[in-house]
Amino acid sequence: MEGEKIQAYTGPAGGWGSASSLAEILTREQIPASGAAMLMKQNKPDGYMCVSCAWAKPAKPLAFEYCENGAKATAWEQTRKRTTPEFFAEHSVTELLSWPDYDLEEQGRLTHPMRYDAGTDRYVPVDWAEAFAEIGAELKALDPKSVVFYASGRASLETSYMYALLARMYGNNNLPDSSNMCHESTSVALPQSIGVPVGTVRLEDFETTDLILFFGQNVGSNAPRMLHPLQHARRRGVPIITFNPLRERGLERFTNPQSPVEMLTGASTQISTQYHQVKAGGDLAALTGMCKAVLAADRDAAQAGRPRVLDLAFIEEHTHGLKDFVRFCEAQDWAVLESRSGLKREALEAAAAVYMRAQNVIGIYGMGLTQHRKGTETVQMLVNLLLLRGHIGRPGAGICPVRGHSNVQGQRTVGISEKPELVPLDRLKEQYGFEPPRDKGLNTVEACTGILKGDVRAFIGLGGNFVRAVPETRLMEEAWRSLRLSVQVSTKLNRAHLVRGEIAYILPCLGRLEIDRQASGPQAVSIEDSCAAFHGSRGVSEPVSPHVRSEPWIVAGIAKATLPPNPKLDWDAWVGDYARVRDAIEATYPDVFTDFNARMFEPGGFHKPLAARDRRWETKTGKANFIVPAGLEADPDMPRSDRSVLDLITLRSNDQFNTTVYGYDDRFRGVKGTRQILLMNADDLARLGLADGDIVDVATDADDGVDRRVRGLRVVRYEIPAGNCGGYYPEMNVLVPLWHHDEQAKTPAAKAIPVRVTPATAPPPA
Ligand SMILES: Nc1nc2c(c(=O)[nH]1)N[C@H]1C(S)=C(S)[C@@H](COP(=O)(O)OP(=O)(O)OC[C@H]3O[C@@H](n4cnc5c(=O)[nH]c(N)nc54)[C@H](O)[C@@H]3O)O[C@H]1N2
Ligand SMILES: Nc1nc2c(c(=O)[nH]1)N[C@H]1C(S)=C(S)[C@@H](COP(=O)(O)OP(=O)(O)OC[C@H]3O[C@@H](n4cnc5c(=O)[nH]c(N)nc54)[C@H](O)[C@@H]3O)O[C@H]1N2
Ligand SMILES: [Mo]
């Protein structure tokens with residue numbers, strides 16, 4: 001426990017803490033000063049697009065258009081450290097399985113294609129040609145329906161388009177992606193509500209908004225560049241109302257590390273003007289309460305002959321379902337809304353009062369809404385609230401899901417989806433002369449079920465760390481080992497390489513920051529940000545090793561070894577010049593990617609057309625829909641009558657990118673040197689006979705016969721609602737049952753897992 005320290009952090013987000021945390025990682029990853037200079041090219045129209053979050057890139061970037069965590073992501077990728085064949089010769093896979101995530105990735109960048117050798121229990125170097133030949137032969141021998149093509153959200157639009165095409169030409173729509181664990185609730189909710197699958201807000205809307213509602217997103221750690229538009233909005237006097245069980249520092253105060261004056265004077269901007277510590281999963285009730293208050297005020301106004309609160313003209317012309325929605329809200333009892341949300345009626349009415357005064361409202365949200373059993377319905381309830389006063393399809397207003405991976409939204413745009421109806425299959429058929437599969441493919445949860453059942457035989461991973469990111473760690477790792485084939489295209493060593501199939505490959509690829517030289521010269525790639533703008537990106541540093549290859553090259557290699565030749569598709573020509581892939585993308589999606597090659601470096605990006613922004617509603621009713629939820633229970637299949645059961649929220653620290661752990665500090669939450677902690681409320685501690693600093697075990701409260709347990713966590717007394725506790729992802733994934741997911745979207749419900757906390761017991765003898 002040496003080096004562990006828990007001490008409340010009093011600084012703002014940004015500020016000197018961010019500068020020193022950044023200096024520390026640049027030194028540790030041995031990044032020379034010239035490497036640090038490359039940060040100047042981050043998120044610039046002539047530079048590269050950050051590999052960290054998906055937040056929008058402004059047309060007029062700041063001198064330093066990067067943040068502490070974007071810079072960390074760059075340092076992590078640009079590290080001088082290497083994971084070489086010598087490293088693999090020294091360490092058996094069995095040994096590496098006992099290493100923590102941090103130690104695996106901290107070895108540095110992968111340099112050679114590697115194949116697992118059962119005789120020595122080691123990964124050994126292999127030629128690219130040999131690797132492709134075996135992978136192709138295996139895939140040809142397997143039933144296409146038994147193969148999964150996973151994508152993490154970092155690969156470019158070009159790579160993603162090629163990868164989705166590979167899966168479909170091979171014969172399936174088994175294209176699960178990280179979005180299935182992330183904003184799938186958004187992708188299901190928004191099309192039903194407003195007819196588009198993505199947010200409607202653009203960066204410029206922040207300049208004219210006059211209220212921001214902020215639900216379940218930890219901006220200071222996970223999208224820090226967004227603090228700049230938030231700070232600007234606050235300076236204009238725009239209120240920000242936050243709903244979050246934890247008091248997150250980035251949502252409280254921000255010192256702009258790029259402002260010399262602020263850094264010298266220690267001035268900081270208060271970010272949230274109201275902060276509501278809603279219970280995990282309580283947003284559905286909280287939002288219903290706000291809607292109820294708005295409707296009541298409207299009724300009063302109507303009776304008193306005052307101007308109405310609802311935007312009746314908008315509702316009349318553009319929406320459907322108000323009557324049923326009003327009936328639902330009126331039927332809800334305040335006492336129930338209070339107990340489900342954990343917030344007082346007065347607090348919800350105070351939030352509603354500010355909402356009713358605002359002309360242009362933006363609703364922002366992240367994993368705090370999507371990763372719940374009722375995630376989809378909760379997102380829809382936020383849209384319902386916005387619709388009451390016409391806040392969709394108007395400048396300065398709209399819905400703003402904050403996406404995760406830097407190109408996760410774009411991958412869906414170019415065909416990575418298990419849902420065939422989201423892809424123009426007829427156009428692909430015509431363009432490439434093949435019969436695309438029409439049956440629904442496997443999403444992430446379904447792929448996991450298939451692996452558990454033994455129906456899935458091979459797993460190809462384009463980035464990511466699937467086995468570590470998904471729920472049900474213990475059962476998944478066991479089942480993974482009976483896969484026939486596992487192939488991971490990766491930059492760094494992770495657990496998904498070690499928990500492996502019978503035949504296993506690690507294929508090392510270039511990162512987005514590196515110069516990608518092909519037949520026609522250095523290549524650019526493109527991505528889509530969280531506000532639906534497309535941006536070009538050019539690598540700026542030398543490749544980490546002569547043996548690594550670009551993602552398009554690797555995807556083409558697998559395709560050529562697996563698929564019969566196709567006169568309409570020349571994979572080599574695509575790899576030689578990615579502009580030709582963009583031409584192909586444009587041919588498949590002419591309305592979205594018009595003049596793609598000519599526009600890809602437009603400052604601020606070029607935007608995807610979004611019907612809802614123009615108040616055209618591509619829904620079944622042809623209108624924006626008020627959608628009534630089935631009820632207000634956060635988790636219908638797990639009644640929480642027993643007060644010794646707590647809802648566990650799985651969180652990211654300020655020192656990680658998903659399963660990539662940069663370090664053991666979580667500065668803003670005052671945690672230093674450890675991730676083995678459990679945040680708990682003082683009342684719960686007293687009730688359960690526990691104290692700050694105690695060591696506890698945590699077990700999932702489910703009666704399906706599966707033992708899900710994490711041992712030896714240190715209790716941290718924390719300002720978190722009674723009945724909730726918090727721990728870190730991915731360490732806590734062992735506690736998430738695979739079936740515990742959003743009812744409609746199947747996003748794992750990682751933000752409310754019913755658990756029991758008990759004093760630690762010694763682990764049973766191995
Ligand atoms: N540095 C860094 N940046 C990242 C990532 C990273 O790991 N590190 N990950 C990227 C990815 S893939 C994603 S998806 C995003 C994730 O970014 P976020 O959406 O911020 O995800 P989380 O860190 O999981 O935190 C969710 C927030 O929701 C709150 N919360 C939890 N439960 C509830 C609830 O029931 N209601 C409400 N209102 N709030 C709740 C938590 O307290 C926390 O503040 O960030 C992306 N950017
Ligand atoms: N309990 C719980 N579980 C969760 C979540 C949660 O909040 N709680 N969040 C979920 C969310 S939102 C997400 S998005 C998923 C994330 O799931 P994934 O996207 O599968 O996981 P990552 O940790 O982002 O993947 C990291 C690995 O990607 C590889 N990599 C990095 N850069 C590149 C690149 O440029 N190319 C290639 N080919 N590989 C690269 C590296 O080898 C690295 O080890 O996890 C989900 N799981
Ligand atoms: Mo994500």
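Order of appearance sets the numbers: ligands from 1, and atoms from 1 within every ligand. If you're wondering where the values come from, they're calculated on a predicted model, not measured in any experiment.
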Task: Where ligand 1 meets Cys53 - atom numbers and elements under 4.0 angstrom, heavy-atom basis - done: 47 (N)
Contact table, ligand 2 N/O with protein N/O, distance under 3.5 Å:
residue, atom, partner, partner atom, Å
ligand 2, 1 (N), Thr650, OG1, 3.2
ligand 2, 1 (N), Asn733, OD1, 2.8
ligand 2, 3 (N), Asn733, ND2, 3.3
ligand 2, 7 (O), Gln371, OE1, 3.1
ligand 2, 7 (O), Gln371, NE2, 3.4
ligand 2, 7 (O), Arg652, NH1, 3.1
ligand 2, 7 (O), Lys751, NZ, 3.0
ligand 2, 8 (N), Thr650, OG1, 2.9
ligand 2, 9 (N), Gln371, NE2, 3.3
ligand 2, 9 (N), Arg652, NH2, 3.2
ligand 2, 19 (O), Ser152, OG, 2.7
ligand 2, 19 (O), His405, NE2, 2.8
ligand 2, 20 (O), Tyr150, OH, 2.6
ligand 2, 20 (O), Asn465, N, 3.0
ligand 2, 23 (O), Thr659, N, 2.9
ligand 2, 23 (O), Thr659, OG1, 2.6
ligand 2, 24 (O), His405, NE2, 3.0
ligand 2, 24 (O), Asn658, ND2, 3.1
ligand 2, 28 (O), Gly464, N, 3.1
ligand 2, 30 (N), Thr491, OG1, 3.2
ligand 2, 32 (N), Arg154, NH1, 3.0
ligand 2, 32 (N), Thr491, OG1, 3.4
ligand 2, 36 (N), Glu551, OE2, 2.6
ligand 2, 38 (N), Gly463, N, 3.4
ligand 2, 38 (N), Val489, O, 3.0
ligand 2, 38 (N), Glu551, OE2, 2.7
ligand 2, 42 (O), Lys492, N, 3.2
ligand 2, 42 (O), Lys492, O, 2.9
ligand 2, 44 (O), Glu105, OE2, 2.7
ligand 2, 44 (O), Asn494, ND2, 2.8
ligand 2, 45 (O), Tyr729, OH, 2.7
ligand 2, 47 (N), Ala469, O, 2.8

- [ ] Go through ligand 1 atom by atom and flag the ones less than 4.0 Å from a non-hydrogen atom of Glu248.
- [x] 41 (C), 42 (O), 43 (C), 44 (O)
Task: Numbering as shown, the atoms of ligand 1 that approach Asn69 to under 4.0 Å (heavy-atom distance) - done: 1 (N)
- [ ] State whether the shortest distance between N or O atoms of Gly281 and N or O atoms of ligand 1 falls below 3.5 angstrom.
- [x] yes
Task: Side-chain (Gln107) to main-chain (Asp103) donor-acceptor, under 3.5 angstrom - done: yes
Open item on the list: Taking side chain to side chain donor-acceptor pair (under 3.5 Å) as the definition, give me every residue that meets it alongside Thr159, ordered by chain and number, with sequence neighbours left out.
Closed with: Ser156
Task: Distance flag, aromatic centroids of Tyr123 and Phe88, threshold under 6.0 Å - done: yes
TODO: Measure from NZ or CZ of Arg675 to the centre of the six-membered ring of Tyr664, then state whether that distance is under 6.0 Å and the direction lies within 45° of the axis.
DONE: no
Task: Partner set under ring-ring contact (aromatic ring centres under 6.0 Å, His included) for Tyr718, not counting sequence neighbours - done: none
Open item on the list: Show me which atoms of ligand 1 lie under 4.0 Å from any heavy atom of His372.
Closed with: 34 (C), 35 (O)
Task: Any donor-acceptor N/O pair, Lys751 side chain to Thr650 backbone, under 3.5 Å - done: yes
- [ ] Would you mind telling me if ligand 1 is within reach of the side chain of Asp283, the backbone, both or neither, using heavy atoms under 4.0 Å?
- [x] side chain
Open item on the list: Is the contact between Ser221 and ligand 1 made by the side chain, the backbone, both, or neither, using heavy atoms and a 4.0 Å cut-off?
Closed with: backbone
Open item on the list: When you measure from the side chain of Asn69 to the backbone of Ser221, do you find a donor-acceptor pair of N or O atoms at a distance under 3.5 Å?
Closed with: yes
Task: Residue-ligand contact Val402/ligand 1, heavy atom below 4.0 Å - done: no
Task: Separation of Leu385 CG from Thr288 OG1 (nearest 0.5 Å) - done: 9.5 Å
Task: Gly216 neighbourhood, listing ligand 1 atoms whose heavy-atom distance to it stays under 4.0 Å - done: 19 (O), 26 (C), 27 (C), 28 (O), 29 (C), 37 (C), 38 (N), 39 (N), 40 (C)
Open item on the list: Glu105: which residues meet the side chain to side chain donor-acceptor pair (under 3.5 Å) condition with it, sequence neighbours left out?
Closed with: Trp76, Thr660
TODO: Measure the distances from the heavy atoms of Pro245 to every atom of ligand 1 and state whether one is below 4.0 angstrom.
DONE: yes
Task: Geometric cation-pi criterion Arg247 and Tyr275, 6.0 Å radius, 45° cone - done: yes
Task: Aromatic plane relationship, Trp553 with Phe132 - under 30° parallel, 30 to 60° tilted, over 60° perpendicular - done: tilted
